[in-house]
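Working notes for the structure below.
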Amino acid sequence: MNIGFVGLGAMGAGIVRRLLAAGRPVTGWNRTKAKAEPLLAAGMEWADSPRELASVSDVVCTMLTDAAAVEAVVLGDEGILSGLGPGSFYVDMSTISPERSRALAEAVSAAGSTMLDAPVSGSMATLERGELSIMVGGDGSSFEKVRPVLLDMGSKITHVGENGQALVLKLAINLSLVVQIISFCESIAFAEKSGIARETAVDAVLKSVIASPVVAYRAPLILEGNMDEAVFADVELQQKDQLLGLALARELESPMPLAALANEWLTATRAAGLNDRDFVAVHQVFRALGGMK
Ligand SMILES: NC(=O)c1ccc[n+]([C@@H]2O[C@H](COP(=O)([O-])OP(=O)(O)OC[C@H]3O[C@@H](n4cnc5c(N)ncnc54)[C@H](OP(=O)(O)O)[C@@H]3O)[C@@H](O)[C@H]2O)c1
């Protein structure tokens, strides 16, 4: 299978590296071509437009910031939809609104191809270890055909249900993830306020029952000097998912009081000028509120 990959940002580039390492032929396109250079050096082919990429691919994947970006590269004049061949598959791995994803799936289906939504849970670190979790929504037999390609990206694959349902589950996971991390930050600031060194508190948490995988990879970021080096998801990117989840919850009349409260902390973290940091920077907001520098 020839793979086409659109969106060579942090996650997209990491996935393409895994596909190339597995021996898959990959053609790529990114709005900013410079980001593709290391992948071109590693054997990826370049297409001059999403349309050209789709015309030479059996499976086209996108990994883009938001729904507006996905709609632009799929439905635009030189977009994926205008290049997809009959019987090909389009797999969107971005985290976007399930409703807008379903509308795209209908447009792709009307053009004679099949779309799957395949959002991912994990970080760059999870991806590099081959442990990315990929949830898939859409037709079951199409999922089976694309599954071997997904397995080259990450080892944990779940077919959730119809189009859009994988995105719903991804949002559910992220709503919980943000609550967990904010609660962790609140507890560490509390421990520090009582005089416990941050390193000691983090070390003890990582040895405790609350050391979930996400706490394990994010906790070290709050240690002195680490915050500048790693950003798994900046505050705005993380809040995009929080807002999508809360909007859907309101529509479904499914109360999410903890996720709503956590969202206010993300707003406070942006307001504190920490938007370019990983959202675990909320720890600094708790410290400031507690009168610590
Ligand atoms: N980072 C994580 O740990 C993580 C984990 C799970 C899921 N996700 C999800 O994965 C997706 C990508 O995240 P990321 O971390 O890879 O973000 P990123 O590094 O910021 O990459 C974003 C990509 O989207 C492209 N893009 C944005 N707007 C565009 C537009 N209007 N037209 C064409 N291309 C556009 C960017 O192109 P340029 O290079 O030209 O800017 C870039 O390739 C998001 O939906 C995110 O929620 C991320």
Side-chain angles (χ1 to χ4, degrees), residues 11 95 119-135 154-156 158 168-246 249 254-270 272 274-275 277-293:
M11 293 301 279
T95 305
V120 307
S121 178
S123 64
M124 285 305 298
T126 324
L127 171 61
E128 281 162 13
R129 285 199 305 273
E131 293 170 1
L132 196 65
S133 164
I134 308 174
M135 291 154 281
S155 57
K156 301 172 184 172
T158 311
V168 174
L169 200 55
K170 159 70 184 174
L171 293 177
I173 290 168
N174 268 23
L175 290 167
S176 173
L177 178 153
V178 170
V179 170
Q180 272 188 47
I181 288 296
I182 290 180
S183 171
F184 159 78
C185 291
E186 186 180 53
S187 289
I188 296 291
F190 157 74
E192 288 180 275
K193 182 78 188 197
S194 83
I196 298 169
R198 195 183 313 166
E199 290 72 13
T200 308
V202 167
D203 183 49
V205 164
L206 291 181
K207 291 173 182 156
S208 81
V209 291
I210 64 163
S212 70
V214 68
V215 169
Y217 68 70
R218 273 208 160 81
L221 293 189
I222 69 167
L223 299 178
E224 216 53 66
N226 288 2
M227 202 68 201
D228 300 332
E229 283 171 25
V231 178
F232 290 117
D234 68 28
V235 189
E236 191 173 343
L237 189 65
Q238 198 63 49
Q239 195 169 30
K240 170 199 66 143
D241 296 0
Q242 202 73 6
L243 293 170
L244 284 174
L246 288 171
S254 181
M256 304 223 66
L258 296 180
L261 193 57
N263 183 53
E264 296 305 314
W265 288 103
L266 295 178
T267 300
T269 309
R270 279 197 296 111
L274 299 168
N275 192 38
R277 304 299 177 90
D278 187 275
F279 84 94
V280 77
V282 69
H283 167 250
Q284 294 180 30
V285 178
F286 283 118
R287 279 182 59 88
L289 287 173
M292 293 177 280
K293 284 195 178 158

Which heavy atom of Ala211 sits nearest a heavy atom of Leu206, and at what distance? CB-O, 3.4 Å

Give, for atom CG of Leu175 and atom CG of Leu258, the distance between the pair rounded to the nearest 0.5 Å. 10.5 Å

To the nearest 0.5 Å, how far apart are CD1 in Ile196 and CZ in Arg198? 13.0 Å

Determine the minimum heavy-atom distance between His283 and Ile188, stating which atoms define it. NE2-CG2, 3.8 Å

Going by distance alone, is a donor N or O of one side chain under 3.5 Å from an acceptor N or O of the other, for Gln242 and Asn174? no

Does the Thr267 side chain pair with the main chain of Asn263, one donor and one acceptor, at a distance under 3.5 Å? yes

Apply side chain to side chain contact (heavy atoms under 4.5 Å, CB included) to Leu177 and Gln238, showing your working. CA-CA 10 Å; Leu177 178 153; Gln238 198 63 49; 4.1 Å; yes

Can you see which heavy atom on Lys207 is nearest to which on Asp203, and at what distance? NZ-OD2, 2.7 Å

Approximate separation, where rounding is to 0.5 Å, of Lys156 NZ and Ser121 OG: 8.5 Å

Can you check whether Thr95's main-chain N or O pairs, donor with acceptor, with Lys170's side chain at less than 3.5 Å? no

Can you see which heavy atom on Val202 is nearest to which on Ala219, and at what distance? CG1-CB, 3.9 Å

Any donor and acceptor pair, going by atom type alone, linking the side chain of Arg287 with main-chain N or O of Lys293 inside 3.5 Å? yes

Does any non-hydrogen side-chain atom of Gln239 lie less than 4.5 Å from one of Phe279? no

For the side chain of Thr269 and the backbone of Leu274, is there at least one donor-acceptor N/O pair under 3.5 Å apart? no

So CG of Leu266 and CG of Leu243: to nearest 0.5 Å the spacing works out to 8.5 Å

Please name the pair of heavy atoms, one in Phe232 and one in Tyr217, separated by the smallest distance, quoted to 0.1 Å. CE1-O, 3.3 Å

Euclidean distance, Ser187 OG relative to Phe286 CZ, rounded to 0.5 Å: 9.0 Å

For a side chain to side chain contact (heavy atoms under 4.5 Å, CB included) check, start with the C-alpha distance between Ile210 and Val215, then their side-chain angles and the critical distance, and finish with the verdict. CA-CA 8 Å; Ile210 64 163; Val215 169; 5.8 Å; no

Donor-acceptor pair, side chain of Asn275 and main chain of Arg270, under 3.5 angstrom: no

Can any side-chain N or O of Asp278 pair as donor or acceptor with the backbone N or O of Asp234 at less than 3.5 Å? no

What is the minimum heavy-atom distance between Val178 and Ala262, and which atoms define it? CG1-CB, 3.8 Å

Above 12 or not: heavy atoms from other molecules or residues under 6.0 Å from CD of Glu199? yes

